[in-house]
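Take a look at the structure below.
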Amino acid sequence: MRTAAAILLVAVGSMGIAHAQTPVEIDDLRAPTSPAFVLLDVTPASVERPENPKAFTVNLINTISRAKGLPQNYALEVAPYWLTYHPNLTFEQYQTPGARSLVQTLAISVATTPMTPADGSAADPIGTRIGLGFRTNITNGRFDATMNRLVGELATLQGRLLDVGKAEDAVEAAEDALAAAKQAGQPTDALQNALKARQAELASLKAQEGEVETDLMTKALEIQALDAQRVGLIVTLAAGKTWDFPADDFEMAQAGRWGVWVTPTYRFRACTPNGSECTAVVDAIAVVRALRDPGKDTSWDVGGRMMWQPTRELKLSSEILRRWAGASTTGTAVVAGDSNRTTAMIEYQIRRDLSLYASFGRDFKKDTGQKPLVSLMGLNVGLGKRPTVAVPAAGTP
Amino acid sequence: MADKVKTDDTYQVGAADVFLSLTIGDGQFGTSDVFVGGTQIVRASGPIGNLRLGSGATIKGKKLLVRSVVSDVSTMTNKMSVSYRLNGGTAPKAIVAKGSVAISGKTLVFETRFALS
């Protein structure tokens, strides 16, 4: 009965969302990871990501020789800085890169796609379209207090692995001492006992080695995951451009669509002193996007979203998005001319799996000139069971 | 068991004190043990700067062993490197040991031995 009621509430909520849905959201306008793919409007099935200069060169030569000219349906992403080793780049410098962020986060994307005839017929391609783009973080924020705790735990685990090596050295030294004593004809009882003790210690550490390595990997991946939750100011810049090569002839190259994205974000998370728990308190994002298709005006989108969480349960957010220029670049006909969208949202978490929300505002102007009202209220219900781990009784191995 | 990157080298000491500096590179995080003649001098996480190993006379003929456990904590690369700089001997020396993990988040053990002559 309870489940059925929850499903009904979700269904009602979903209907409201569907009614108020718009084709452009703030998140759609964030700087893309691979601008070249976005501008070409392709989602490559496979993307080449060479990790060193040799792999990059071999990949490029193989692709061009296989295609006997311009490769089609090819996608490549490369982070030039990380193609080579950086022995002097410490963990601390990587965490707080300052101006180095520009080069450390620079990623270049290249993609090609076949040009199809203007009438859309499925005839042979009439040439190749190439997209080239880049993305970088001008500033890259920082980690929150969780990092210090994780790094401390990682160091402890690494120390346990070092203890294994140290115990191996001790066994080796004890074996050498015993062999030397035997060779010199000296008494060996004490040395044999010492060797046995070292071997027992090593065996004990070795038995835990697999578990320590698993814990090490878990901890390292937790630290990697913090990369996606950086706090402070992060400013991302991305840009790209496409070119058409009819008949794959370089002399007939035509400039195509271009785009520029700037996405400044700011996040503040309040953490407990030991970093065991962190909560987002302020989360702000601004977006600026300029797109231009050949023969059309530049389309500008500027917007922002601000989220404030004064208590653990209460979340307040507002969003504004302004669009200039005539044609929509999203491929839909909902947005027409200069228009803006303004919404405010309040969300209250009643329980861990139950929250109440309300949204109010004005949507983009439609082709008909209508400015639809966004008015929505609903419940978010988590239907999944919370995972539980059985705690062994005291004394249970 | 974690993969190992083993390096062997020599360092010619003089009469003066010999110092070791170590950097865990490529933005990765590691913890290192330093031994001279089988005796542990230090265990430290991150870089080590100008660690005194002893006077040339006392460490000559011994082995310097530096063992570092390095974990892949970077989302940008699986490459790892440890660079060692020795000075105080007849001439300064710098070497770099390099490796990489095939699976993100894995650990490598770097073992570098210097014969102190």
Side-chain angles (χ1 to χ4, degrees), chain A residues 51-52 79 81-95 97 100 104-107 143 147 150-152 154-166 168-170 172-173 176-177 206 209-210 212-228 230, chain B residues 1-4 21-35 37-40 43-49 63 65-85 94-111:
Chain A
E51 287 182 356
N52 56 62
Y81 182 83
W82 298 103
L83 285 175
T84 57
Y85 283 91
H86 297 279
N88 294 321
L89 179 70
T90 64
F91 178 68
E92 287 71 22
Q93 289 168 341
Y94 170 66
Q95 302 306 317
R100 279 191 311 269
Q104 280 183 14
T105 58
L106 178 66
F143 289 100
M147 175 59 88
L150 289 176
V151 164
L154 186 72
T156 304
L157 289 166
Q158 289 177 333
R160 287 178 66 188
L161 210 55
L162 284 171
D163 287 341
V164 177
K166 204 171 154 184
E168 285 172 341
D169 294 344
E172 201 178 314
D176 289 348
K206 277 277 186 192
E209 194 179 10
V212 171
E213 283 186 21
T214 305
D215 291 348
L216 266 173
M217 188 164 173
T218 305
K219 208 55 69 184
L221 291 175
E222 278 180 48
I223 291 172
Q224 286 191 19
L226 274 189
D227 241 346
R230 280 174 175 263
Chain B
M1 182 165 174
D3 289 338
K4 283 187 179 175
S21 297
L22 172 150
T23 305
I24 311 286
D26 292 284
Q28 309 287 15
F29 185 82
T31 302
S32 308
D33 275 350
V34 180
F35 303 88
T39 304
Q40 185 166 0
R43 171 172 293 181
S45 293
I48 296 173
K63 283 264 184 192
L65 166 64
V66 186
R67 185 180 287 123
S68 305
V69 173
V70 183
S71 298
D72 173 28
V73 293
S74 169
T75 50
M76 303 300 291
T77 185
N78 286 0
K79 294 183 175 75
M80 295 177 177
S81 57
V82 182
S83 55
Y84 311 86
R85 285 178 303 281
I95 66 163
V96 180
K98 294 173 181 173
S100 66
V101 288
I103 300 168
S104 193
K106 291 278 275 183
T107 292
L108 268 188
V109 178
F110 288 79
E111 272 188 12

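Small disclaimer: the values here were computed from a predicted structure and weren't measured. Hydrogens, waters and symmetry mates are skipped; everything else that's a heavy atom, side chains included, is used. Naming: A, B, ... by sequence-line order, numbering from 1 per chain.
Atom CG of residue Leu221(A) and atom CG of residue Asp72(B) lie 8.0 Å apart, to the nearest 0.5 angstrom. Considering OG of Ser104(B) and CE of Met217(A), their distance stands at 7.0 Å, rounded to 0.5 Å. Note that CG of Asp26(B) and CH2 of Trp82(A) are 6.5 Å apart. Values are rounded to the nearest 0.5 Å. Interatomic distance, Phe29(B) CZ to Met147(A) CE, rounded to the nearest 0.5 Å: 10.0 Å.
Between chain B and the options Asp169(A), Leu83(A), Leu162(A), heavy-atom pairs under 4.5 Å are most frequent for Leu162(A). Most heavy-atom pairs under 4.5 Å with chain B: of the set Glu92(A), Lys166(A), Gln104(A), this distinction falls to Lys166(A). When Ser32(B), Gly30(B), Ser68(B), Ser100(B) are compared by the number of non-hydrogen pairs under 4.5 Å with chain A, Gly30(B) comes out ahead. Per-residue counts of heavy-atom pairs under 4.5 Å with chain A were compared for Lys106(B), Gln28(B), Lys98(B), Glu111(B); the largest is that of Lys98(B). Listed options Pro87(A), Ala173(A), Ala220(A) were ranked by heavy-atom pairs under 4.5 angstrom with chain B; first place goes to Pro87(A). Your options are Ile103(B), Thr77(B), Asn78(B), Val109(B), and the one with the most heavy-atom pairs under 4.5 Å with chain A is Thr77(B). Options Ser81(B), Gly27(B), Ser83(B) differ in how many heavy-atom pairs under 4.5 Å they form with chain A, and the most are formed by Gly27(B). Ranked by heavy-atom pairs under 4.5 Å with chain B, the first of Leu226(A), Leu89(A), Ile223(A) is Leu89(A). When each of Ala79(A), Ala225(A), Gly165(A) is scored by its heavy-atom pairs under 4.5 Å with chain B, the top score falls to Gly165(A).
The shortest distance between side-chain heavy atoms of Asp163(A) and Arg43(B) falls below 4.5 Å. Side-chain contact check for Tyr81(A) versus Met76(B): every heavy-atom pair is 4.5 Å or farther apart.
Looking at Tyr85(A), its side chain does come within 3.5 Å of a backbone N or O of Gly99(B) through a donor-acceptor pair. At least one donor-acceptor pair closer than 3.5 Å links the side chain of Glu213(A) to the backbone N or O of Ala2(B). In this structure, the side chain of Gln93(A) does not engage the main chain of Gly25(B) through any donor-acceptor pair within 3.5 Å.
Heavy atoms closer than 4.5 Å to chain B are found in the side chain of Lys206(A), but not in its backbone. Using a 4.5 Å cut-off between heavy atoms, Asp176(A) does not touch chain B at all. With a 4.5 Å cut-off on non-hydrogen atoms, Gln40(B) touches chain A through its side chain but not through its backbone. For Val164(A), no part sits under 4.5 Å from any heavy atom of chain B, backbone or side chain. Neither the backbone nor the side chain of Leu157(A) comes within contact range of chain B, judged by heavy atoms closer than 4.5 Å. For Thr107(B), the part sitting under 4.5 Å from any heavy atom of chain A is the side chain, from C-beta outward, and nothing else. The contact between Thr84(A) and chain B is made entirely by backbone atoms, counting heavy-atom distances below 4.5 Å. Neither the backbone nor the side chain of Glu172(A) comes within contact range of chain B; no heavy atom of the residue lies under 4.5 Å from a heavy atom of that chain. Interface remark: Val70(B) contributes backbone atoms only to the contact with chain A (heavy atom separation under 4.5 Å).
There is no side-chain donor-acceptor pair under 3.5 Å between Ser45(B) and Gln158(A).
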Run Leu150(A) and Val73(B) through side chain to side chain contact (heavy atoms under 4.5 Å, CB included) and show every step you take. CA-CA 11 Å; Leu150(A) 289 176; Val73(B) 293; over 6 Å; no
